[in-house]
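I have placed the structure first, in the form of structure tokens, so that the comments after it can refer back to it.
Values below: all heavy atoms of this structure, side chains included; hydrogens, waters and symmetry mates excluded.
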Amino acid sequence: MMIPFEVYFENLRGKRVAVLGLGVSNRPLVRLLLEFGCIVSGGDRTEREKLDAEVLELEQQGCKLYLGEHFYEEMSADVAFRTPGMHPDSPAVTALRNSGATITSEMEAFFQVCPCDIIAVTGSDGKTTTTTLISEMLKAEGKTVWLGGNIGTPLLPLTRQMKETDVAVVELSSFQLMDMNYSPRVAVITNLAPNHLDVHKDMDEYVEAKKNIYRHQNETGVLVVNADNAITAPLRGNGTTKTFTRVGQGNVCLKDSVICRNGGAVLDSKDILLPGVHNIENYMAAIAAVEGLVSDETIQSVAKTFGGVEHRIELVRIKDGVRFYNDSIASSPSRTIAGLRSFEDKVILIAGGYDKHIPYDVLGPEICAHVKKLFLGGATGPLIREAVENCDGEKPEIVDCGDFTSAVYAAAKAAQPGDVVLMSPASAAFDQFKNFMVRGQYFKKLVMEL
């Protein structure tokens with residue numbers, strides 16, 4: 001049941017509220033809590049000398065800071081807001097829970113106070129593009145849309161501006177979903193594959209976290225799942241379950257390259273600007289999600305104009321006949337596989353990065369099939385090399401470059417007119433960059449300077 005925004009925060013007035021993690025998404029939350037007279041403390045592993053100026057401003061406004069690796073040891077609270085990247089069983093969360101604090105999150109609070117319908121998307125791959133597509137379709141239909149969650153602006157502070165007739169479109173990560181006790185009216189799971197196993201205990205925990213996106217729906221809820229994915233195909237919601245499939249029969253399916261919904265043609269796939277069959281799947285998921293909300297004509301218009309999301313097979317530059325693509329979002333093998341399959345001819349691939357402890361064996365055959373030269377760097381470089389060398393048949397030329405910058409320069413030097421240079425790392429960015437966005441921006445900078 002929805003709680004009015006003012007009531008939710010008035011109920012926190014005078015209480016000790018801890019915010020665990022002082023990254024960008026939690027800072028507006030700290031300001032809200034201070035505004036409503038809470039006794040706010042903020043905990044973060046970052047040492048004081050490395051803090052952003054914005055965090056120090058929060059301290060000036062009344063937020064007591066606890067910093068360093070063991071920041072939580074001196075904290076106490078009635079309510080604690082967990083940052084998405086902090087495991088619910090982490091020492092900090094466990095310590096506060098054991099001391100009697102109620103554990104929640106910015107996203108869970110948003111679900112409690114949001115006055116309008118929520119459409120939420122999760123999955124291992126494609127969730128950002130699918131979330132954005134749903135948002136673009138609804139906006140093109142003339143609806144007021146609030147886009148956020150794992151992308152965009154934190155939504156909780158904006159709730160006061162929302163109306164019942166609006167729609168919130170939210171991307172949710174497994175970390176945000178792990179201890180969520182609320183589900184959206186419409187839930188979409190694009191697909192599931194091994195990911196984030198450096199944080200999750202195992203694959204089962206990862207999948208169970210994803211299931212929270214529909215677990216708390218009632219009989220009016222809608223679940224959209226990928227019938228072509230072995231993990232998502234058998235999932236069923238508490239209300240209506242819709243399936244999408246490229247190769248079989250479902251509520252939304254592909255017939256002679258035309259996306260059909262409930263047997264009727266909606267969108268010719270040749271009208272989709274984004275390359276790759278995975279983007280056809282993203283459109284199918286979005287089309288299922290907006291049924292009854294968006295006309296077919298609006299969907300067709302969006303497909304002909306939507307150029308994609310930054311860092312997702314983004315064309316950066318064409319130089320001397322060579323096309324350079326930024327696919328920095330590809331932090332897992334399955335994501336890179338989707339990128340490789342987007343191109344008809346073999347590409348020059350730049351790959352490797354931080355090790356999330358996920359298997360790379362599935363990537364080897366795909367690289368052999370779609371790559372003519374492979375430039376590797378980072379901790380996962382040797383793992384990717386091993387996966388390729390274990391394949392039968394023809395293998396691409398492999399060059400170990402050590403670091404990201406060297407790999408980009410070496411790949412650019414090796415490229416000939418007509419080639420595609422694809423930066424799709426199949427790995428997280430944390431070895432050299434703060435996140436995949438910083439990695440993608442750096443790649444674009446290097447390419448533009450060539």
Side-chain angles (χ1 to χ4, degrees), residues 1-3 8 20-21 25-26 29 79-90 93-94 97 102-114 116-128 130-131 134 147-152 154-156 168-226 229-243 285 288-289 332:
M1 182 177 176
M2 194 271 289
I3 303 172
Y8 180 92
L20 307 179
S25 64
N26 271 347
L29 171 62
V79 178
F81 285 80
R82 174 183 69 87
T83 197
M86 190 174 289
H87 195 285
D89 294 334
S90 67
V93 177
T94 300
R97 185 188 296 114
T102 298
I103 307 299
T104 187
S105 66
E106 182 264 346
M107 185 51 60
E108 186 165 75
F110 170 71
F111 268 74
Q112 289 178 265
V113 303
C114 179
C116 61
D117 271 350
I118 301 175
I119 300 175
V121 181
T122 195
S124 298
D125 303 312
K127 57 183 178 291
T128 297
T130 302
T131 305
I134 292 169
L147 176 67
N150 203 41
I151 57 174
L155 291 175
L156 183 58
V169 183
V170 182
E171 177 188 322
L172 295 176
S173 69
S174 59
F175 307 137
Q176 288 169 311
L177 285 165
M178 281 191 77
D179 50 4
M180 279 278 285
N181 293 308
Y182 297 86
S183 296
R185 188 184 71 79
V186 179
V188 179
I189 307 180
T190 58
N191 50 63
L192 290 176
N195 204 351
H196 300 301
L197 298 186
D198 56 330
V199 175
H200 289 288
K201 295 174 183 176
D202 51 33
M203 186 63 183
D204 285 343
E205 182 184 88
Y206 175 66
V207 173
E208 287 303 310
K210 294 291 193 180
K211 288 181 180 179
N212 275 339
I213 197 170
Y214 69 87
R215 186 171 272 135
H216 307 287
Q217 286 181 332
N218 59 26
E219 65 279 0
T220 66
V222 176
L223 171 64
V224 177
V225 295
N226 186 343
N229 179 267
I231 299 175
T232 60
L235 300 181
R236 293 294 178 268
N238 301 322
T240 302
T241 299
K242 300 179 182 179
T243 59
S332 66

What's the separation between atom CE in Met107 and atom CG in Asn150, rounded to the nearest 0.5 Å?
8.5 Å
Going by side-chain hydrogen bond (donor to acceptor under 3.5 Å, both in side chains), name the residues that satisfy it together with Thr130, two or more places apart in sequence or in a different chain.
Asn282
Looking only at atom types and distance, does a side-chain atom of Asn229 sit under 3.5 Å from a main-chain N or O of Thr232, one as donor and one as acceptor?
yes
Looking at residues at least two apart in the chain, or sitting in another chain, which of them share a side-chain hydrogen bond (donor to acceptor under 3.5 Å, both in side chains) with Asp117?
Arg185
Donor-acceptor contact below 3.5 Å, side chain Asn212 vs main chain Arg215
no
Are the side chains of Ile213 and Pro184 in touch, meaning some heavy atoms are under 4.5 Å apart?
yes
Let me confirm one number: the OG1-OH distance from Thr104 to Tyr182, rounded to the nearest 0.5 Å.
7.5 Å
Measuring from atom CD1 of Ile231 to atom OH of Tyr206, what distance do you get when rounded to the nearest 0.5 angstrom?
8.5 Å
With sequence neighbours excluded, tell me which residues meet side-chain hydrogen bond (donor to acceptor under 3.5 Å, both in side chains) with Ser25.
none
Mark yes or no for whether His87, through its side chain, and Met178, through its backbone, hold a donor-acceptor pair below 3.5 Å.
no
Side-chain (Ser105) to main-chain (Glu108) donor-acceptor, under 3.5 angstrom:
yes
Looking at Arg82 and Glu106, is there a salt bridge between them, counting it only when a charged N and a carboxylate O are closer than 4.0 Å?
no
Gln217-Ser183 side chain donor-acceptor pair, cut-off 3.5 Å
no
So OH of Tyr214 and CD1 of Ile189: to nearest 0.5 Å the spacing works out to 6.0 Å
Check: Ser124 side chain, Ala193 main-chain N or O, donor-acceptor pair, under 3.5 Å:
yes
Any donor-acceptor pair under 3.5 Å from Lys210 side chain to Gly123 backbone
yes
To the closest 0.5 Å, what do you measure between CG (Leu172) and CD1 (Ile118)?
8.5 Å
Does Asn238 reach the main-chain N or O of Glu219 with its side chain, forming a donor-acceptor pair under 3.5 Å?
no
Find the distance between CD (Gln112) and OH (Tyr8) and round it off to the nearest 0.5 Å.
5.0 Å
Do Thr241 side-chain atoms and Arg236 backbone N/O form a donor-acceptor pair below 3.5 Å?
no
Do Leu20 and Thr83 have side chains that approach each other closer than 4.5 Å (heavy atoms only, starting at C-beta)?
no
Minimum heavy-atom distance between Ala288 and Val224, given as atom pair plus value:
CB-CG1, 3.7 Å
Taking the side chain from Thr122 and the backbone from Ser173, do they hold a donor-acceptor pair closer than 3.5 Å?
no
